[in-house]
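What follows is a single structure, written as structure tokens, with notes after it.
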Amino acid sequence: MSSALFRTKNVEQSIRDTEEPEHSLKKSLSALDLTVFGVGVIIGTGIFVLTGQVAKNNAGPAVALSFVAAGVVCALAALCYAEFASTVPVAGSAYTFSYASLGELPAWIIGWDLVLEFALGTAVVAVGWAGYIRSLLDNAGWHLPAYLAGRDGAHGFGFDILAAALVLALTGILVLGMKLSARITSVVVAIKVAVVLIVIIAGAFFIRGENYKPFVPPAEPVKAGGNLGAPLVQLMFGWAPANFGVMGIFTAASVVFFAFIGFDIVATAAEETRNPQRDMPRGILGSLLICTVLYVAVSIVVTGMQKYTRLSVEAPLADAFKAIGHPWYAGVISFGAAVGLTTVCLILLLGQTRVFFAMSRDGLLPRFFSRVHPKFKTPHRPTILLGVIIAIVAGFTSLSELAELVNIGTLFAFVVVAISVIILRKTRPDLPRAFRTPWVPFVPIVSVCATLWLMLNLPAETWLRFAIWMAIGFVVYFLYGRKHSRLATSGQTPEKAPPPPAGNVP
């Protein structure tokens, strides 16, 4: 029983599976495409939506340090992802990596986790996008009914029609092909980066030094249902603030961390990259570096323009320019944010469908979803299914609850990937590695510790919701996945038996 749960799928077999005609994705992406994808998904909710929330509630002007802290944690994880994505260029990201190193049950757990992470991430960004669109419509004098804006508490019903419509439109684009998605993303990312530069350059002229005082607001006492990390900090240092103070910076980092998850989504496109050994590390590390610099610059500017206590939660950048009497800039930012957030949704949805596709190709989910479209060579079946589900979720769910749940899923994936790098170095030292994580096992161990620290700073309710989702995943695996796994039905034990001859795909 235990050997079946931890059976591994060797790297060679994973790569051979990508060559089956009915389950093979089209290779069309370059290093530039990957970098654009990374920038397209990283620059989004963190700047346009979450900056105001965490500055107002957790870190004050020190939110810039929160972005630095989150960026450092991501950089450590990105080094591990870059090695794996270039060594195992197969759709599925952390799911595929853990299948090759930790075994089937851990792979299922991380795959199930990624499905939740990307699904809710798409919903979060769709809700944020809808907020900016409503702001633009309000400026033009057009107002949606409250029950179609997801906030009609009086009648007990509210559905965010804009968020749902966006997800469905992007679902159609993904079905039509990756190259089309890449072209649309390139245009939109150019607009989005231009808007971010406008915020930085124009906003710098309106910075007031007094808005930075205090740069690190004094800590507030712990409240009921606070962070799981609070008792640990109290044990070590004798105090445990939930918001503001030094710990507020780390609490904010665990929230804005959501904004950095783009590089792990780049890894899900490894199978569709023309030269993954060379281009994957460039796309992952390059996009992360570019976006971290822009994030820090924007957070410094916006908290200097407006006192952190007055920042808007729904559209902080646009509303900051409105507050200083420059509505034209606010309109440009709202337009850029609305356009830019579409790429975030698109790439998050792309990442989720590729993980779902990889799991179904391995038999852990129904194989019905592993067949690609005969013309477009895209996994159209899981794309349509998940797109409809996420559209419904985006229509009914609030922003803050979704963002925190996405974060814990992403952080959990980072822990698994870092551990997997160490294990695969030991079990398969013979594998050709175009990119090698430096200072193994030191860097992966530091990555695990830093990631766990951010996880501890998330609210207890988030941990509870995450545990419930994981429990459901265990039930699904033991009722379906374990029996229908391709390793189970073929009777293989890949790491103990020699790999099958080239071209013989079981």
Side-chain angles (χ1 to χ4, degrees), residues 9-18 24-42 74-102 107 110-111 113-114 117-118 178 182 260-291 347-348 350-355 357-359 361-362 410 413-425 428 431-438 440 443-444 447 451:
K9 180 180 181 182
N10 65 46
V11 174
E12 292 81 0
Q13 184 60 51
S14 295
I15 295 174
R16 275 194 295 274
D17 285 349
T18 67
S24 177
L25 299 172
K26 184 178 181 180
K27 298 181 182 295
S28 60
L29 300 179
S30 64
L32 179 60
D33 291 329
L34 295 173
T35 303
V36 169
F37 272 137
V39 173
V41 71
I42 297 173
C74 288
L76 294 171
L79 292 171
C80 300
Y81 267 90
E83 174 171 328
F84 252 123
S86 60
T87 306
V88 192
V90 178
S93 186
Y95 159 75
T96 300
F97 307 156
S98 55
Y99 211 161
S101 55
L102 301 178
I110 197 65
D113 164 62
L114 289 173
E117 170 198 335
F118 294 151
M178 276 294 289
F260 287 92
I261 65 174
F263 71 84
D264 69 327
I265 297 172
V266 172
T268 67
E271 190 175 326
E272 294 161 275
T273 303
R274 289 195 292 264
N275 189 348
Q277 289 76 17
R278 181 195 66 188
D279 296 341
M280 267 291 148
R282 293 180 180 180
I284 291 172
L285 297 172
S287 58
L288 180 62
L289 176 62
I290 292 169
C291 296
I347 302 166
L348 284 168
L350 162 73
Q352 190 206 27
T353 57
R354 270 44 178 184
V355 173
F357 168 77
M359 295 176 74
R361 188 166 58 188
D362 290 332
T410 309
F414 284 9
V415 170
V416 172
V417 171
I419 294 173
S420 297
V421 165
I422 299 174
I423 293 175
L424 204 63
R425 284 283 188 97
R428 293 299 308 273
L431 284 175
R433 291 171 168 84
F435 178 89
R436 298 176 70 89
T437 304
V440 173
V443 167
S447 176
T451 301

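Note that the structure is a prediction, hence the values are computed from the model and not measured.
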**Complete:** When rounded to the nearest 0.5 Å, the distance separating CG of Leu288 from OG1 of Thr35 is 11.5 Å
**Message:** I need the Ser86 OG to Asn275 CG distance, nearest 0.5 Å.
**Reply:** 10.5 Å
**Message:** What's the separation between atom CD1 in Ile419 and atom CZ in Phe97, rounded to the nearest 0.5 Å?
**Reply:** 15.0 Å
**Fill in**
Only one of Thr410, Val355, Leu350 passes side chain to side chain contact (heavy atoms under 4.5 Å, CB included) with Phe118, and that residue is Val355
**Asked** Charged N to carboxylate O below 4.0 Å: is that the case for Arg354 and Glu271?
**Response** no
**Message:** Does any part of the side chain of Leu32, heavy atoms only, come nearer than 4.5 Å to the side chain of Asp279, both counted from C-beta?
**Reply:** no
**Prompt:** So Phe414 and Tyr81, would you call those rings parallel, tilted or perpendicular, with 30° and 60° as cut-offs?
**Reply:** perpendicular
**Prompt:** Looking at CE of Met359 and OG1 of Thr96, how far apart are the two atoms once the value is rounded to the nearest 0.5 Å?
**Reply:** 10.0 Å
**Asked** Does Tyr95 reach the side chain of Asp113, with side-chain heavy atoms less than 4.5 Å apart?
**Response** no
**Point-to-point distance, once rounded to the nearest 0.5 Å, from CG of Leu34 to CD1 of Ile284** = 8.0 Å
**Request:** Over all heavy atoms of both residues, which pair between Pro444 and Val421 is shortest? Give the atoms and the distance, please.
**Result:** CG-CG1, 4.3 Å
**Message:** Going by salt bridge (charged side-chain N to carboxylate O under 4.0 Å, His left out), name the pairs with one or both residues in residues 281-291, residues two or more places apart or in two chains.
**Reply:** none
**Request:** Start with the C-alpha gap between Thr273 and Arg278, add the side-chain angles, then the distance that decides, and say whether side chain to side chain contact (heavy atoms under 4.5 Å, CB included) holds.
**Result:** CA-CA 10 Å; Thr273 303; Arg278 181 195 66 188; over 6 Å; no
**Asked** Is the closest basic N to carboxylate O distance between Asp17 and Arg361 below 4.0 Å?
**Response** no
**Message:** Show the nearest heavy-atom pair for residues Glu83 and Arg425, with the distance to one decimal.
**Reply:** OE1-NH2, 2.8 Å
**Nearest heavy-atom neighbours spanning Cys80 and Ala418** = SG-CA, 4.0 Å
**CG on Leu102 to CD1 on Ile423, rounded to 0.5 Å** = 4.0 Å
**Item:** Heavy-atom pair with the smallest gap, counting every atom of Val90 and Ser14
**Value:** CG2-O, 3.8 Å
**Request:** Compare every heavy atom of Pro438 with every heavy atom of Val443, then report the nearest pair and how far apart it is.
**Result:** CG2-O, 3.1 Å
**Message:** For a quick test of reading the model, state the closest non-hydrogen atom pair linking Pro89 to Ile15 and the distance between them.
**Reply:** CD-CD1, 4.2 Å
**Prompt:** Do Ser30 and Asp33 get their side chains close enough for a donor-acceptor pair, meaning under 3.5 Å?
**Reply:** yes
**Prompt:** Is there a donor-acceptor pair closer than 3.5 Å between any side-chain N or O of Thr87 and the backbone N or O of Arg433?
**Reply:** no
**Message:** Pair Leu25, Thr18 - check side chain to side chain contact (heavy atoms under 4.5 Å, CB included), show working.
**Reply:** CA-CA 7 Å; Leu25 299 172; Thr18 67; over 6 Å; no
**Request:** Take Tyr99 and Ile110, measure what side chain to side chain contact (heavy atoms under 4.5 Å, CB included) needs, and give me the verdict at the end.
**Result:** CA-CA 9 Å; Tyr99 211 161; Ile110 197 65; over 6 Å; no
